[in-house]
Trainee: 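First the structure, which I've put down as structure tokens, then a few questions once you've had a look.
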Amino acid sequence: MMNAPSDRQELLSLVRSLKERVLLDRELGRPLNYLTARKAGITGDLSFPEARPPSALMRDDELFPITEMTLEEIRTELGDCRRCPLSRTRRHIVFGEGDAHAKLVFVGEAPGADEDIQGRPFVGRAGQLLTRIVAAMGLTREEVYICNILKCRPPGNRNPLPEEIAACEPFLLMQIKAIKPKVICALGSFAAHALLKTDAPITVLRGVFHDYRGIPLMPTYHPAYLLRNPGAKKQVWGDVQKIMEILGRKGRMT
Ligand code: URA
């Protein structure tokens with residue numbers, strides 16, 4: 001007589017079916033929204049557990065439950081931010097830069113050493129690669145907007161902590177609301193996880209559009225990962241071509 005499958009076998013078979021479903025959906029270009037914890041349009045909840053919220057009045061706005069401000073107003077609101085302990089170790093706040101009405105916004109993880117010194121996003125080695133990716137899309141850095149989940153450098157480039165994200169996220173949300181991009185590109189697993197509220201691996205998330213508050217969001221590998229794994233550039237090129245399709249642009253391989 002056959003034994004009933006053990007819990008472990010049952011779990012393995014569930015994981016296998018989920019993996020097959022994800023691979024099939026990716027192949028067919030279907031959205032993978034079921035991998036994300038919150039879907040755009042139903043995210044009315046912006047909580048600030050540890051952090052002081054910005055003074056902007058919250059509105060009952062389904063997609064962006066936060067008052068609209070210009071980028072300059074948001075920068076003023078951020079001020080000499082002391083909302084989390086990173087303010088004690090940072091040199092400069094890295095707010096973000098580029099076109100205030102960019103059609104494409106890149107969101108990375110957090111400033112590194114070079115960015116902390118210069119107060120500008122993606123200016124180190126990974127940043128130079130991002131600049132080349134942007135150029136390959138037929139764009140310049142001035143035509144897109146580049147920012148990060150965190151505006152201050154975590155010491156030693158350690159991973160951002162949940163309370164740091166909670167303190168910083170409302171400002172990113174306001175920036176995206178001000179810019180109103182047609183597409184967002186999340187650079188690396190950290191940015192993708194923080195924006196989409198999921199733990200799904202970047203290998204699964206990348207390559208297809210997800211819904212970020214009504215805006216298509218393409219996760220792809222972080223340029224720092226590409227520096228260590230140049231073989232993955234081909235996949236990133238595939239991902240940015242999909243972005244270019246939405247933007248109605250043609251790019252070129254550099
Ligand atoms: N890595 C990031 O994620 N952001 C930067 O600004 C620089 C490096």
Side-chain angles (χ1 to χ4, degrees), residues 71 74-75 78 81 84 86-87 89-100 102 104-137 139-176 179 181 183-199 201-203 205-206 210 212 217-230 232-233 235-236 239-240 243:
L71 288 179
I74 299 163
R75 183 65 191 85
L78 185 65
C81 185
C84 87
L86 293 182
S87 57
T89 48
R90 70 155 186 249
R91 291 204 209 171
H92 288 106
I93 292 177
V94 180
F95 182 69
E97 66 180 29
D99 183 353
L104 170 59
V105 169
F106 288 95
V107 183
E109 178 174 330
D114 295 308
E115 291 76 18
D116 185 44
I117 291 168
Q118 296 189 40
R120 296 181 54 212
F122 281 98
V123 289
R125 275 187 72 221
Q128 285 157 22
L129 179 51
L130 177 62
T131 305
R132 291 205 293 280
I133 294 170
V134 171
M137 298 172 85
L139 293 163
T140 62
R141 279 179 70 113
E142 292 71 34
E143 290 174 298
V144 300
Y145 194 84
I146 304 175
C147 55
N148 285 299
I149 298 290
L150 292 191
K151 294 183 174 16
C152 295
R153 182 190 183 205
N157 296 345
R158 64 153 168 76
N159 282 343
L161 302 173
E163 54 270 31
E164 295 159 359
I165 301 170
C168 235
E169 197 175 13
F171 292 93
L172 176 60
L173 189 64
M174 286 192 278
Q175 283 169 290
I176 292 173
I179 298 167
V183 197
I184 297 172
C185 180
L187 298 166
S189 56
F190 185 83
H193 291 170
L195 291 168
L196 296 173
K197 310 297 175 207
T198 176
D199 287 335
I202 187 72
T203 45
L205 294 172
R206 61 147 289 275
H210 300 257
Y212 178 77
L217 182 148
M218 172 64 77
T220 195
Y221 293 126
H222 194 286
Y225 174 82
L226 294 183
L227 291 173
R228 297 188 302 272
N229 302 277
K233 283 184 187 169
Q235 286 161 295
V236 170
D239 299 345
V240 300
I243 292 176

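All figures in this text were calculated on a predicted structure; none of them were measured in a lab. For this chain, numbers begin at 1 and follow the sequence in order. Indexing begins at 1, ligand by ligand and atom by atom, following the structure's order. The figures here come from the full heavy-atom set of this structure, side chains too, leaving out hydrogens, waters and symmetry mates.
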Trainee: Just wondering, do T203 and Y221 contact through their side chains at under 4.5 Å, heavy atoms?
Mentor: yes
Trainee: Distance under 4.0 Å to a non-hydrogen atom of G108: what atoms of ligand 1 satisfy this?
Mentor: 3 (O)
Trainee: Taking the side chain from H210 and the backbone from P219, do they hold a donor-acceptor pair closer than 3.5 Å?
Mentor: no
Trainee: Is the backbone of A110 close enough, under 3.5 Å, to the side chain of E115 for a donor and an acceptor to pair up by distance?
Mentor: no
Trainee: Counting only N and O atoms by type, is there a donor-acceptor contact under 3.5 Å from the side chain of D116 to the main-chain atoms of H92?
Mentor: yes
Trainee: How far is atom 4 (N) of ligand 1 from its nearest protein heavy atom, and which residue and atom is that?
Mentor: N148 OD1, 2.7 Å
Trainee: Side chain, backbone, both or neither: which part of E109 has a heavy atom under 4.0 Å from ligand 1?
Mentor: both
Trainee: Quick one: does H222 get within less than 4.0 Å of ligand 1, heavy atoms only?
Mentor: yes
Trainee: Would you say the side-chain atoms of Q175 pair up with the backbone N or O of F95, donor to acceptor, closer than 3.5 Å?
Mentor: yes
Trainee: Counting from 1, what ligand 1 atoms have a heavy atom of P121 closer than 4.0 Å?
Mentor: 6 (O)
Trainee: Return yes when A110 approaches ligand 1 closer than 4.0 angstrom through a heavy atom, no otherwise.
Mentor: yes
Trainee: Is the contact between A191 and ligand 1 made by the side chain, the backbone, both, or neither, using heavy atoms and a 4.0 Å cut-off?
Mentor: neither
Trainee: Does an N or O anywhere in F122 fall below 3.5 Å from an N or O of ligand 1?
Mentor: yes
Trainee: Does N148 reach the main-chain N or O of E109 with its side chain, forming a donor-acceptor pair under 3.5 Å?
Mentor: yes
